[in-house]
Amino acid sequence: MTQYWLMKSEPNVYSIDDLKANSTTCWEGVRNYQARNFMRDDMKIGDKVLFYHSNTKPPGIAGLAEVCKLAYPDHFAFDPKSKYYDPKSSPDKPTWQMVDVKFERKFNSLVSLNEIRENETLQNMMVIRKGSRLSIQKVEKPDYLYIVSTYS
């Protein structure tokens, strides 16, 4: 059964255009336990992703991706030279996980956070809840389908 996700990335770090150019990427650097658990325990190949540009003006959904590889250890956590290094994580006992995603499509224009907030149909989305800062969030199927049919 397909699940739906919103995955946040800062466009100056990795954007929808980068994903389009690369076709696939590993979703590394997640350092929140709940977001890690979503990847490790819940994400399956074929799950659909709303690719969200965060920490930019305006933030919003930039396009679509799909999970193409199940969770595996985030090897950047083992590399002391990486900004994602975690000395408590090891190859024998990895703390952090990542999945791979593949590009599906870029939207013609960004679906801004304000547009989502102002749309009565999308009021249940986690991304508009106060204090909801998770980099990976579950999305309900009707919300995903509405965004795809309305904005893409």
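For clarity, every value in this text was computed on a predicted model and none was experimentally measured.
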Please answer whether the main-chain N or O of E115 pairs with a side-chain N or O of S112 as donor and acceptor at a distance below 3.5 Å.
yes

Over all atoms of both residues, closest heavy-atom pair of L19 and V101
CD1-O, 3.9 Å

Criterion side chain to side chain contact (heavy atoms under 4.5 Å, CB included) on T56 and N12, from CA distance to verdict
CA-CA 9 Å; T56 189; N12 64 325; over 6 Å; no

Looking only at heavy atoms, which two atoms of S54 and P59 are closest? And how far apart?
CA-CB, 4.4 Å

Partners passing side chain to side chain contact (heavy atoms under 4.5 Å, CB included) against K138 (at least two apart in sequence or in another chain):
Q3, W5, F38, D42

Is it the case that one hydrophobic cluster holds both V30 and F78, taking links as side-chain heavy atoms less than 4.5 Å apart, direct or via other members?
no

Roughly how far, to the nearest 0.5 Å, is OG of S89 from CZ of F76?
13.0 Å

Neighbour count >12 (heavy atoms, 6.0 Å) for atom NZ, K48
yes

Indicate the atoms forming the closest heavy-atom contact of M125 with I147, along with that distance.
SD-CD1, 3.7 Å

Mind checking the CZ-CZ spacing from F51 to R105? Nearest 0.5 Å is all I need.
15.0 Å

Is the shortest heavy-atom distance from the side chain of D86 to the side chain of W96 under 4.5 Å?
yes

Verify, without hydrogens or angle tests, whether S9 (side chain) and P11 (backbone) share a donor-acceptor contact under 3.5 angstrom.
no

State whether a side-chain donor-acceptor pair under 3.5 Å links D143 with Y4.
no

In this structure, are over 12 heavy atoms from other groups packed under 6.0 Å from R129 atom CZ?
yes

If you draw the axis of the six-membered ring of F103, does the NZ or CZ of K106 fall within 45° of it and under 6.0 Å from the ring centre?
no

Least distance between heavy atoms, A62 atom then I16 atom:
CB-CG2, 3.7 Å

Side-chain heavy atoms of F107 within contact of L64, under 4.5 Å
yes

Rounded to the nearest 0.5 angstrom, the CD-CE distance for E140 and M126 is 9.0 Å

R117: partners by side chain to side chain contact (heavy atoms under 4.5 Å, CB included), with sequence neighbours left out
L113, N114, I128

Closest non-hydrogen atom pair between D92 and P94, with its separation
C-CD, 3.6 Å

Considering only heavy atoms from C-beta outward, does the side chain of V49 approach that of V67 to under 4.5 Å?
yes

Heavy atoms from other residues, nucleotides or ligands near CD of E10 exceed 12 (cutoff 6.0 Å)
yes

Reported NZ-to-NZ distance for the pair K69 and K102, which is rounded to 0.5 angstrom:
14.0 Å

Minimum side-chain heavy-atom gap M7-M43 below 4.5 Å
yes

With side chain to side chain contact (heavy atoms under 4.5 Å, CB included) as the criterion, how do V99 and L70 come out once you've worked through the C-alpha distance, each side chain's angles and the decisive distance to 0.1 Å?
CA-CA 5 Å; V99 297; L70 294 176; over 6 Å; no

Can you confirm whether K44 sits close enough to M1 that some side-chain heavy atom of one is under 4.5 Å from a side-chain heavy atom of the other?
no

Examine distances only and state if a side-chain atom of N37 and a backbone atom of Q34 form a donor-acceptor pair shorter than 3.5 Å.
no

What I'd like to find out is whether the side chain of E66 reaches to under 4.5 Å of the side chain of D47, using heavy atoms alone.
no

Nearest 0.5 Å please: distance from the OH atom of Y52 over to the OG atom of S135.
12.5 Å

Test side-chain hydrogen bond (donor to acceptor under 3.5 Å, both in side chains) applied to Y146 - qualifying residues, sequence neighbours left out:
N119

How many angstroms lie between atom OG of S152 and atom CD1 of I61, to the nearest 0.5 angstrom?
10.5 Å

Can Y33 be reached from M39 by stepping across I, L, V, M, F, W or Y side chains whose heavy atoms are under 4.5 Å apart?
no

I136 vs L6 side-chain heavy atoms within contact, under 4.5 Å
no

Without swapping roles, check the side chain of R40 against the backbone of Q97 for a donor-acceptor pair under 3.5 Å.
no

As a quick check of understanding, evaluate salt bridge (charged side-chain N to carboxylate O under 4.0 Å, His left out) for R36 and D74, giving each step before the final call.
CA-CA 10 Å; R36 182 230 27 213; D74 184 340; over 6 Å; no

Consider only side-chain N and O atoms of Y72 and D100, and report whether a donor and an acceptor are under 3.5 Å apart.
yes

For the backbone of Y84 and the side chain of S82, can you confirm whether one donor and one acceptor N or O come within less than 3.5 Å of each other?
yes

Strictly distance-based, threshold 3.5 Å: is any side-chain N or O of N22 a donor or acceptor partner for the main-chain N or O of T25?
no

Are L110 and P58 close enough that some pair of their side-chain heavy atoms sits under 4.5 Å apart?
yes

For P73 and M98 the tightest heavy-atom approach is O-CE, 3.7 Å

